[in-house]
Amino acid sequence: MERTQQVLTSLRPPRAQRLVVVMVGLPARGKTYIARRLSRYLSWLGYRTHLFNVGVRRRERIGAQQTHEFYDPANADGVTARRAMAHEVLTEMLGWLREGGEVAIYDATNHTRERRNMVRTACEREGHPVLFVESLCDDEEIIASTIREIKLKSPDYAGVDPEAAVRDFSARIAHYQATYETLDSWDGSFVKLVDVGREIVLHDLRGDLPGRLVRVLMNLHIVPRPVWLTRHGESECNLDGRIGGDPELTRRGERFAVRLVEFFDAHASRDDDVQVWTSALRRATQTARHLPAIPVVWRSLDEIDAGVFDGMTYAEIKAAHPDEFRRRQEDKLRYRYPRGESYEDVIQRLEPIIIELERQRSPTLVVTHRAVLRCLYAYFMDLAPETCTRLDVPLHTIIELTPNAYGCDVRKIPMDDPVVEVG
Ligand code: F6P
């Protein structure tokens, strides 16, 4: 019985899958950005994921400020030093996988067959499948903006005159270009992204995990836009602390629905095709009903299903089912309500919502519920699923998330009105 329960409540397949994702590409092609996005997605889904970055190791070992000559393939000392660091990080990664890690992301240029062969052979020798992810980009504007926005702000060029830094960095790219070999069928499984996903080439993908990663990669973009998350307005169940149900809004909740229109009008410019998404529950659709945009109603945004405890208060559950109550306190992420859901289940059903949210290039307002909002927030803020189940998410507060190259900017906007109910 215990075993069945364990398998059923796990997000991951019963036998842990292992995978090594190996990034490939010239400098300033967004490899680290892509690697971080994959890592955030996988960690959120519950995979033990870790990023192994060779550039970070180089800065630790020999200091950040190496000029382009260090990267010249004719510089034998540079070649030896770089190979040694790549090897060191690889060894560390294999050790981490041996100790129970599941998905390792190896972030370096890996721009020659010889280097890729070294990485792949070492991984496959220990039984770990390898997926190469190459980012190719010839769009001068994208490259220039990556250099400006990311490279010039990195420790490699701290305090260096920006023009000199661009010159040096361009020379560094040219050194890699001189020996660059793009992926081909010889490399095995790979995904090749051209110009941030304008074109995608897939080769010999096997298993469920690479397929999931392709869906993330296909929807990557770098257009900044906000995602606004809010709970529904106050409901009748909120007043007496009952969980679940399908209650109506209270008068205070209704006032929030009206204030939401003011927020929408103030923040959504006329040119933006703002999306409004709600759950299928009454308190959410009622909260969105005055908005000028027609909401898209998603069942998968419905609140966590409390199963047989739906409609009860926490005090009632604790009194009538103390063991269940305790089990939930002990492991809120994995605890599944009898005939209901766990937070892990909610994350699972939110996966298509995340992919769809990532795809959007215009602002999106999501009107949903406490547990669902916690899970969405955890994804954008790269929080471990364990920590998200107790996040404080008050009613009548809009959380504005703006994804950027490094992570996500967050702003909490309280929207409660000052009116005090009488009678
Ligand atoms: O109390 C409001 C509510 O949205 C319930 O419907 C839901 O069961 C609960 O919050 C989720 O929060 P927690 O996981 O902390 O019980």
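Indexing begins at 1, ligand by ligand and atom by atom, following the structure's order.
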Assess Ala306 for proximity to ligand 1: is some non-hydrogen atom of it under 4.0 Å away?
-> no
Atom 16 (O) of ligand 1 - nearest protein heavy atom and its distance | Tyr314 OH, 2.5 Å
Could you tell me whether the side chain of Lys192 and the main chain of Ile200 form a donor-acceptor pair under 3.5 Å?
-> no
Quick note on ligand 1: atoms under 4.0 Å from a heavy atom of Ile304 include exactly 8 (O)
Report yes if some N/O of Tyr337 lies less than 3.5 Å from some N/O of ligand 1; otherwise report no.
-> no
So which protein heavy atom does atom 10 (O) of ligand 1 come closest to, and at what separation?
-> Arg370 NE, 3.1 Å
Check ligand 1 against Lys332 and write out every atom of the ligand that is under 4.0 Å from a heavy-atom position of the residue.
-> 13 (P), 14 (O), 15 (O)
Indicate yes or no: does an N/O atom of Arg231 lie under 3.5 Å from an N/O atom of ligand 1?
-> no
Just jot down the ligand 1 atoms closer than 4.0 angstrom to any heavy atom of Arg328, in number order.
-> 13 (P), 14 (O), 16 (O)
Candidate pair Glu254 and His290, rule side chain to side chain donor-acceptor pair (under 3.5 Å), full reasoning | CA-CA 10 Å; Glu254 176 58 25; His290 306 301; 2.7 Å; yes
May I ask you to say whether Arg212 pairs ionically with Asp208, meaning some side-chain N is under 4.0 Å from a carboxylate O?
-> yes
May I ask you to check if ligand 1 and His369 share an N or O to N or O distance below 3.5 Å?
-> no
Contact between Arg374 and ligand 1, counting heavy atoms under 4.0 Å?
-> yes
Within-shell test, Glu303 vs ligand 1, heavy atom, strictly < 4.0 Å = yes
For ligand 1, find out whether one of its N or O atoms is nearer than 3.5 Å to an N or O atom of Gly244.
-> yes
Residue pair Tyr337, Tyr335: steps toward the ring-ring contact (aromatic ring centres under 6.0 Å, His included) verdict | CA-CA 6 Å; Tyr337 281 116; Tyr335 171 82; 5.5 Å; yes
Among all residues two or more places apart in sequence or in another chain, which pass the ring-ring contact (aromatic ring centres under 6.0 Å, His included) test with His321?
-> Phe309
Contact check: Tyr343 vs ligand 1, nitrogen or oxygen atoms, below 3.5 angstrom | yes
Are Glu114 and Arg83 close enough for a salt bridge, meaning some N to O gap below 4.0 Å?
-> yes
Please confirm whether Thr389 comes within less than 3.5 Å of ligand 1 when only nitrogen or oxygen atoms on both sides are compared.
-> no
